[in-house]
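The figures that follow rest on heavy atoms only: side chains count, while hydrogens, waters and symmetry mates do not. For the single chain, residues carry numbers from 1 onward in sequence order.
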Amino acid sequence: MNDFKDGHKVGDPEKVSSEEDGEVYATNAERPPFLTRLGLSPDSFRRRTLDDKHNQLNKTLKTRHLNMIAIGGSIGAGLFVGSGSALRTGGPGALLIGFGIIGIMMFNVVYALGELAIMYPVSGGFYTYSVRFIDPSWGFAMGWNYVFQWAIVLPFEITVASLTVGYWDQEGVVSVAVWITLFWLAIVLVTLFGVLGYAEEEFWVALIKLGTIVVFMIMALIFVLGGGPSDGMYSEYWGARTWYNPGALADGFTGVCSVFVTAAFAFSGTELVGLAAAESETPQKSLPSAIKQVFWRITLFYILGLFFVGLLVPYDDERLIGAGLIDVSASPFVIAAVNAGIPAFGDFFNAVILLAVISIGLSGVYGGSRTLTALAEQGYAPKFFSYIDRAGRPLYSCIFILAFSPLAYLQLASDGATVFYWLLGLSGLAALFTWGSICFAHIRFRAAWKYQGHTVDELPFAAPFGVYGSWVGFILVIIVLIAQFYVAIKPLSVYDFFLSYLAAPVVLAFWAVGYLWKRKGFQKVSQIDVDSGRREIDYELFNRLKEQRQNWPAWRRALDKFF
């Protein structure tokens, strides 16, 4: 019997074991022509035929791609621009508390996701884990919720990008519609190159984003110590004066709660590393390394970066009045540069914001299309969305997500901003439901794994805090949802409530549709299948490598947990 690789028939592949990680994989598969792999030949659009029913996507992502997707992929408008809104409503103390709590949550979410993704490298990632380990109806809701989250974020990011250009065109010489069209075409072009186009773009843009934040933090430290230019605000010792005047908290408990939704939006996309694992060359080697990078991104680039922002920019700065996810001129990073008397660095930072938001738009196409394809493969979406071409692109799913891009033109209407914020309200809390589902799916997986007589020692990668970490992540998701509910009802306005909490009834509606369609409810532990689609592991080699790691000195074992 013959196998197929990238749409081309090949001989029977031999099963071999990687000497690096113990994973069993196929060799001697012929590669299609270069232009077909790149997605540029007419042949590349034809349907792919592979024998792996669990994953027909390309497996071409390298370790460097996954590392950068994990450490810098989701840094965009939420951090660079939305943090200004959070600083205005909460103050520097609330900024650290809110982002810190979401950071702890994300640490546990990503490790739980890593354990599942390495064990089950199936397309669709965490959505399929909800179907498999929790409830098919809930999985249906999570899948469609995630698709529409990214479908709405895509035009939002295109809008932010077009308004970022307006920072240099204050008189509006060039219409915003022109920039929306150009950025839309740019995203379509990169999408044409498939997963490698996305991965290379993410790698280089993430390097630029991370490098810029590092430079900002070095400059910020100098400013805090009073080493700024003589014509700027930070030419004398600055210290933590903003924490005393106007203060650390802008609105007490309510201010802290109001930061959560911005922080959740800023961290959205962190889970994409779990989706990308299905398209990795060596996920068992690459994914643990990528997962460990998330800790450093949370600690260094979010927490430490925003700490400096809170030291340099007071929360009552008038330029923050218009702060939001769309008003790029209200970015606290740019304000700090202008205050320091270095407006050129503010210009440069805006250019980085431009690249960052386009990058997040591409992530939206990537994450939304892969999830929609998985929904179709599971029978939860029209079957034609399962079409994957010879370049490894989920073609019709990509077209579906890209079709939402024209919503960006709503910004041109007189009441376009209102309509747009309502659309954004649909996805505002969507990520929290996704993260909670990942944690709960991991808890359920561990219970089923134990029920069927397996041990943690058999797992190729185990979350360091096990189910306890997932319970912490899950409980924090519930707490944040309650806090956001409090913020939503406090104004005692139906309009404000649904604008802030619209995602919750939408998720429940998706669940109801899934239940009525499939008539499947919550699964018992005894009903959970832990074998189908499981990665094939050479356990003899795996145990030998594990024993070698146990013999490492204590410092190297400790280092291995975080790098």
Side-chain angles (χ1 to χ4, degrees), residues 54-55 104-146 270-271 273-275 277-278 287-288 291 371 374-375 377-380 430-481 507-508 510-512 514-515 518-535 537:
H54 297 287
N55 183 13
I104 293 170
M105 177 201 304
M106 287 310 305
F107 178 84
N108 290 293
V109 167
V110 171
Y111 267 98
L113 177 59
E115 181 177 314
L116 292 171
I118 291 173
M119 196 68 175
Y120 303 98
V122 295
S123 65
F126 34 82
Y127 143 70
T128 53
Y129 304 141
S130 293
V131 171
R132 185 171 193 158
F133 301 120
I134 303 175
D135 171 1
S137 302
W138 182 252
F140 172 89
M142 287 299 94
W144 277 106
N145 185 57
Y146 198 70
T270 304
E271 71 285 342
V273 69
L275 280 180
L287 191 54
I291 293 297
T371 306
L375 282 163
E377 290 172 348
Q378 295 276 342
Y380 285 156
L432 288 166
F433 288 99
T434 298
W435 299 336
S437 295
I438 291 171
C439 289
F440 195 55
H442 178 244
I443 293 167
R444 297 274 293 162
F445 159 71
R446 282 290 191 95
W449 188 250
K450 181 179 180 181
Y451 178 84
Q452 297 194 21
H454 297 287
T455 65
V456 176
D457 291 334
E458 297 176 61
L459 300 174
F461 175 77
F465 300 110
V467 292
Y468 299 106
S470 291
W471 274 116
V472 169
F474 182 74
I475 291 170
L476 285 177
V477 167
I478 301 299
I479 290 173
V480 171
L481 286 173
V507 167
L508 292 175
F510 276 132
W511 174 82
Y515 182 78
K518 296 296 181 178
R519 298 289 181 178
K520 292 181 180 179
F522 192 78
Q523 299 186 89
K524 297 178 180 178
V525 171
S526 59
Q527 296 174 314
I528 295 176
D529 173 18
V530 297
D531 295 317
S532 298
R534 217 168 95 191
R535 187 182 304 282
I537 302 294

Measure the shortest side-chain to side-chain distance between [X] and [Y] over non-hydrogen atoms and say whether it is less than 4.5 angstrom.
X	Y	answer
Arg446	Leu459	yes
Leu113	Trp435	no
Tyr380	Val131	yes
Trp511	Asp135	yes
Trp138	Val507	yes

For a quick test of reading the model, state the closest non-hydrogen atom pair linking [X] to [Y] and the distance between them.
X	Y	value
Thr128	Gln378	CG2-NE2, 3.8 Å
Ala448	Val525	CA-CG1, 3.6 Å
Ala441	Ser130	CB-N, 4.5 Å

Can you name the one residue among Tyr451, Phe440, Phe133 that meets ring-ring contact (aromatic ring centres under 6.0 Å, His included) with Phe445? Phe133

Can you measure from [atom1] ([X]) to [atom2] ([Y]) and round to the nearest 0.5 angstrom?
X	Y	atom1	atom2	value
Arg132	Ile528	CZ	CD1	10.0 Å
Leu432	Met105	CG	CE	5.5 Å
Ile443	Ile134	CD1	CD1	9.0 Å

Angle between ring planes, Phe510 versus Phe140, binned at 30° and 60°: parallel, tilted or perpendicular?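 Correct class here is perpendicular.
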
Is a donor on one side and an acceptor on the other found under 3.5 Å between the side chain of Trp449 and the backbone of Thr455?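 Answer holds: yes.
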
Go through Tyr120 and Tyr129 one step at a time and tell me if the side chain to side chain contact (heavy atoms under 4.5 Å, CB included) criterion holds. CA-CA 9 Å; Tyr120 303 98; Tyr129 304 141; 3.8 Å; yes

Salt bridge (charged side-chain N to carboxylate O under 4.0 Å, His left out) partners of residues 434-445, not counting sequence neighbours, each pair once: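 Of all non-adjacent pairs touching residues 434-445, none passes salt bridge (charged side-chain N to carboxylate O under 4.0 Å, His left out).
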
Can you give each donor-acceptor pair under 3.5 Å made by side-chain atoms of residues 460-478, sequence neighbours left out, with the distance rounded to 0.1 Å?
| from | atom 1 | to | atom 2 | distance (Å) |
| --- | --- | --- | --- | --- |
| Ser470 | OG | His442 | ND1 | 2.6 |

